[in-house]
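Inspection log for the structure reproduced underneath, given as C-alpha cells.
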There are 2 protein chains.
Amino acid sequence: MADPMYRRIADDLSRQIESGELSPGMPLKSEVELREEYGKDGTMVSRNTVRDAIKLLVSRGQVETRPGQGTFVLRKVQPFITRLTLDPKPGDVEDTVFKSEAERQGREIDDSRPRVEVQLADDIVARLELGKGAQVISRHQQRRIDGTPWSLQTTFYPMDLLQRGPDATRLLEATSIEEGAIGYLRTHLGIDQVGWRDTIIARLPTAQERAFFELSDKVQVAMFEFRRTGYEENGKPIRFTVTVYPADRNQFELQAGRVPSNE
Amino acid sequence: MADPMYRRIADDLSRQIESGELSPGMPLKSEVELREEYGKDGTMVSRNTVRDAIKLLVSRGQVETRPGQGTFVLRKVQPFITRLTLDPKPGDVEDTVFKSEAERQGREIDDSRPRVEVQLADDIVARLELGKGAQVISRHQQRRIDGTPWSLQTTFYPMDLLQRGPDATRLLEATSIEEGAIGYLRTHLGIDQVGWRDTIIARLPTAQERAFFELSDKVQVAMFEFRRTGYEENGKPIRFTVTVYPADRNQFELQAGRVPSNE
DNA sequence: AACGATTTGTTCGTATGTATC
DNA sequence: TGATACATACGAACAAATCGT
C-alpha cells in the first residue's frame with residue numbers, strides 16, 4: 001500500500017498499454033467505469049482520483065484525452081529520418097542535401113515564406129562573436145512535409161553581412177532563397193561556409209511549438225533542437241541556425257567510417 | 001482571458017524564475033500567500049488552482065516541492081557535452097574518445113560492472129542480420145559522471161562471435177573490458193569495426209530509466225537514445241549498442257568541415 | 001521529548017463550461 | 001437537443017512532513 005491510489009491506477013493502466021492489452025487508438029474505459037473498476041466492494045473511487053491517474057498517463061505521453069469522446073491510447077507515427085552529412089562539399093550544401101534526402105524518401109517538402117526581422121539579442125550576438133549591442137538579421141521559416149508540420153528554423157546573420165556586397169540586402173527580403181541560403185551566400189556574396197558545429201539538445205516543446213506542431217496542450221513529446229554555427233574560411237561565424245523538430249516524427253542518422261549502404 | 005487561471009499563475013511564476021527574479025534555491029511563496037496574491041480584491045484563489053499551477057512548474061522541472069517546507073526553485077545543471085567523432089581511426093576507438101573527452105572536462109567517470117546475458121530477442125537479431133531465433137550476447141552497463149547517473153548502455157553481439165577465437169568468451173564474463181570493447185574485439189579476436197551507423201532518437205524516459213537517473217515521477221525530462229550498429233570490413237554488423245542519456249544533463253556536439261577549435 | 005503552527009499531499013465533494021456525438 | 005465526457009475552478013477534510021518553542 002505504499003503508492004497512493006491514483007498512482008496505482010495509473011501504473012495498472014500503463015502496464016496494460018505497454019503489454020498491448022490496450023492498443024493504440026483504443027479508448028480507455030470512461031471515468032465512471034474506471035471509478036467502479038478500482039473501487040472495492042461495489043464502492044466507487046472518487047472521480048478526481050481517477051482523473052489524477054489519467055493526468056499521469058497523459059503527462060507520460062501514453063494517452064490523449066479528447067473532450068466529449070474519451071481517453072485514447074496514442075500510436076507512434078512513422079518518423080522522418082534526416083541523415084546528418086559530415087563533409088560539406090561546395091556543391092553539396094545543407095539545404096540541397098536535405099531536400100534530396102526527402103525526395104529519396106518520396107516526401108513533399110513545403111517551406112513557408114520566411115519572416116525576416118532585425119533583432120537585438122545578446123545571446124545570439126555572443127554566438128556570432130559580435131560586439132555587445134550589435135544587430136542581427138533573423139530569418140524564420142516553417143517546414144512541412146506531406147502537409148504535416150515538421151520543423152521550425154530560425155537563422156541569424158550578422159548585420160554587417162550587408163556590407164559584403166550589393167546583393168546582400170536580399171537577406172532582408174521575405175522571399176525564399178530557392179538555391180539555399182548557403183549557396184546564396186557563396187554565389188552572391190563570395191562568402192563560403194567551410195564548416196559548422198552543431199549542438200544537439202533534447203527538451204520539451206514551448207507553447208508556440210506546441211501550437212505549430214499541432215501538439216495538444218497535454219501531450220508530452222520531446223523536441224530536438226539543433227544549434228548550428230556556420231564558419232567561413234577565416235574561422236569567423238557567419239550564421240547561427242536554431243532548428244526545432246518534434247521527436248515523435250523525426251529521427252536523425254549519423255554514419256562514420258565504412259558502412260554498408262542502407263538498403 | 002484566453003488562458004485558464006492556473007496556467008496564468010504558472011506562466012507568471014515561470015517568467016519570474018527565468019528572469020532571475022526568483023533565483024535557484026529560493027522558496028516560492030506558500031500556497032496561502034499565492035492564493036492571496038492572485039486573488040482579486042482581497043478574495044483568494046482556490047488552493048487547488050494554485051496547486052495546479054505549481055504542478056505545471058514541477059512538471060517543467062523548474063521547481064521542486066518539499067512536504068512541510070515549501071516549493072523551491074531548482075537550479076539548472078551544467079550539461080555534459082559529448083562530441084560525436086566522425087572518423088573512427090584504429091587507435092582512437094569510441095570508448096577511449098569518450099573518456100578522454102570527459103577527462104578534458106575534468107569529470108570523473110565510473111562504469112558499473114556489466115550485466116551479461118544471453119538473449120533471444122528478434123528485434124535485436126534483425127539489427128545484427130542474424131537468422132530468426134538466433135541468440136545474442138547482451139552486455140548492460142551503467143555510467144556515472146561525478147557520482148551522477150549519466151547513461152545506460154546495452155551492447156548486443158552475435159552469439160557466433162564466440163567461435164572467432166579462444167578469448168571470445170570474455171564477452172560472457174561480467175568484468176569490464178578495460179581497454180574498451182572495440183579495442184578488445186580487434187586485439188583479441190581480430191575483428192575490426194571499420195564504421196558505424198547511429199540512429200538518434202529523443203523520447204520520454206521509461207519507469208526504469210526514471211529510477212536509475214533519479215528523476216522524480218513528476219518531472220518531465222527528455223531522453224536521448226542512440227542506436228549504434230558497428231560494422232566490420234566485409235560490411236557485416238558485429239555489434240548493436242543502445243545508449244540512453246537524460247537530456248537535462250547531456251548534450252551532443254557535431255562538427256563538419258573546417259571549424260575553429262572550441263576554446 | 002512533546003506540542004503546535006505551518007506547509008505540502010491526498011482524497012473526497014460540488015459546480016460550471018465546452019466539445020462531441 | 002440532450003447525453004456524455006473532459007476542463008477548469010472552487011471548497012473541505014484529514015494526513016504527513018517539517019520546524020521552532
Side-chain angles (χ1 to χ4, degrees), chain A residues 1-13 22 25-74 207 210-211 214-220, chain B residues 1-13 22 25-59 62-74 216-219:
Chain A
M1 276 288 273
D3 277 10
M5 177 69 63
Y6 76 98
R7 217 173 305 171
R8 289 212 303 278
I9 297 176
D11 287 345
D12 187 54
L13 291 170
L22 289 166
M26 272 178 61
L28 262 54
K29 291 204 181 82
S30 77
E31 291 184 351
V32 178
E33 288 172 305
L34 290 174
R35 292 178 62 184
E36 287 164 354
E37 180 168 339
Y38 292 99
K40 33 191 161 190
D41 319 322
T43 69
M44 285 172 89
V45 173
S46 163
R47 187 184 163 211
N48 282 338
T49 302
V50 166
R51 285 176 59 70
D52 282 348
I54 291 178
K55 263 188 214 164
L56 241 186
L57 298 182
V58 168
S59 78
R60 287 182 197 158
Q62 293 188 292
V63 301
E64 169 193 44
T65 59
R66 297 181 211 147
Q69 295 187 56
T71 304
F72 297 83
V73 180
L74 288 175
R210 278 186 185 289
E214 296 167 10
L215 303 170
S216 136
D217 269 10
K218 299 295 128 81
V219 185
Q220 296 292 349
Chain B
M1 277 287 275
D3 274 12
M5 175 73 60
Y6 77 98
R7 221 172 304 170
R8 289 211 304 276
I9 297 175
D11 288 346
D12 187 53
L13 291 171
L22 289 166
M26 273 178 60
L28 261 56
K29 290 205 180 83
S30 77
E31 290 178 353
V32 177
E33 288 172 305
L34 290 175
R35 291 180 64 185
E36 288 164 353
E37 179 169 340
Y38 292 99
K40 33 191 164 192
D41 320 324
T43 68
M44 285 171 89
V45 174
S46 165
R47 186 184 169 210
N48 282 336
T49 301
V50 165
R51 284 176 61 73
D52 280 348
I54 292 177
K55 264 187 213 164
L56 245 185
L57 298 182
V58 168
S59 79
Q62 294 188 289
V63 302
E64 167 193 47
T65 58
R66 299 180 209 149
Q69 297 188 57
T71 305
F72 297 83
V73 179
L74 289 174
S216 138
D217 272 10
K218 324 190 170 181
V219 186

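These figures come from a predicted structure and were not determined experimentally. Numbers restart at 1 for each chain; the letters A, B, ... are given by sequence-line order, proteins then strands. When reading the values below, keep in mind they use all heavy atoms of this one structure, side chains included, and skip hydrogens, waters and symmetry mates.
Atom CZ of Arg51(A) is separated from atom P of dT10(C) by 17 Å (rounded to the nearest Å). Counting to the nearest Å, the C1' atom of dA5(D) and the CG atom of Leu28(A) are 13 Å from each other. Between the P atom of dT4(D) and the CG atom of Leu34(A) lies a distance of 17 Å, rounded to the nearest Å. Between the NZ atom of Lys29(B) and the P atom of dT7(C) there is a distance of 13 Å, rounded to whole Å. The separation between Lys55(B) atom NZ and dT10(C) atom P is 8 Å, rounded to whole Å.
Ion pairing between a basic and an acidic side chain is recognised when a charged N comes within 4.0 Å of a carboxylate O; Arg66(B) and Glu64(B) show such pairing.
One distance of note links CZ of Arg47(B) with CD1 of Ile54(B); it measures 9.5 Å at 0.5 Å rounding. Between Leu34(A) atom CG and Thr71(A) atom OG1 the span is 8.0 Å, to the nearest 0.5 Å. For the atom pair CE of Met44(B) and CD of Glu33(B), the computed distance is 9.5 Å after rounding to the nearest 0.5 Å.
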Check nucleotides 9-17 of chain D against the protein and report each pair of N or O atoms closer than 3.5 Å, with its distance, or say if there are none.
{"residue": "dA9(D)", "atom": "OP1", "partner": "Met5(B)", "partner atom": "N", "Å": "2.3"}
{"residue": "dA9(D)", "atom": "OP2", "partner": "Met5(B)", "partner atom": "N", "Å": "3.4"}
{"residue": "dA9(D)", "atom": "OP2", "partner": "Tyr6(B)", "partner atom": "N", "Å": "3.2"}
{"residue": "dC10(D)", "atom": "OP2", "partner": "Ser46(B)", "partner atom": "N", "Å": "3.4"}
{"residue": "dC10(D)", "atom": "OP2", "partner": "Thr49(B)", "partner atom": "OG1", "Å": "2.8"}
{"residue": "dC10(D)", "atom": "N4", "partner": "Asn48(B)", "partner atom": "ND2", "Å": "3.2"}
{"residue": "dG11(D)", "atom": "O6", "partner": "Asn48(B)", "partner atom": "ND2", "Å": "2.4"}
{"residue": "dA13(D)", "atom": "N6", "partner": "Arg47(B)", "partner atom": "NH1", "Å": "3.3"}

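Checking Leu56(B), Leu28(B), Leu22(B), Val219(B) one by one against Val63(B), the side-chain contact (heavy atoms from CB on, under 4.5 Å) holds for a single residue, Leu28(B).
Regarding contacts with the backbone of dT7(C), every side-chain N or O of Arg66(B) stays at 4.0 angstrom or more from both OP1 and OP2. For Thr71(B), a side-chain nitrogen or oxygen approaches OP1 or OP2 of dT8(C) to under 4.0 Å.
For the residue pair Asp12(B) / Tyr38(B), a side-chain donor-acceptor distance below 3.5 Å is found, with atom types taken as modelled.
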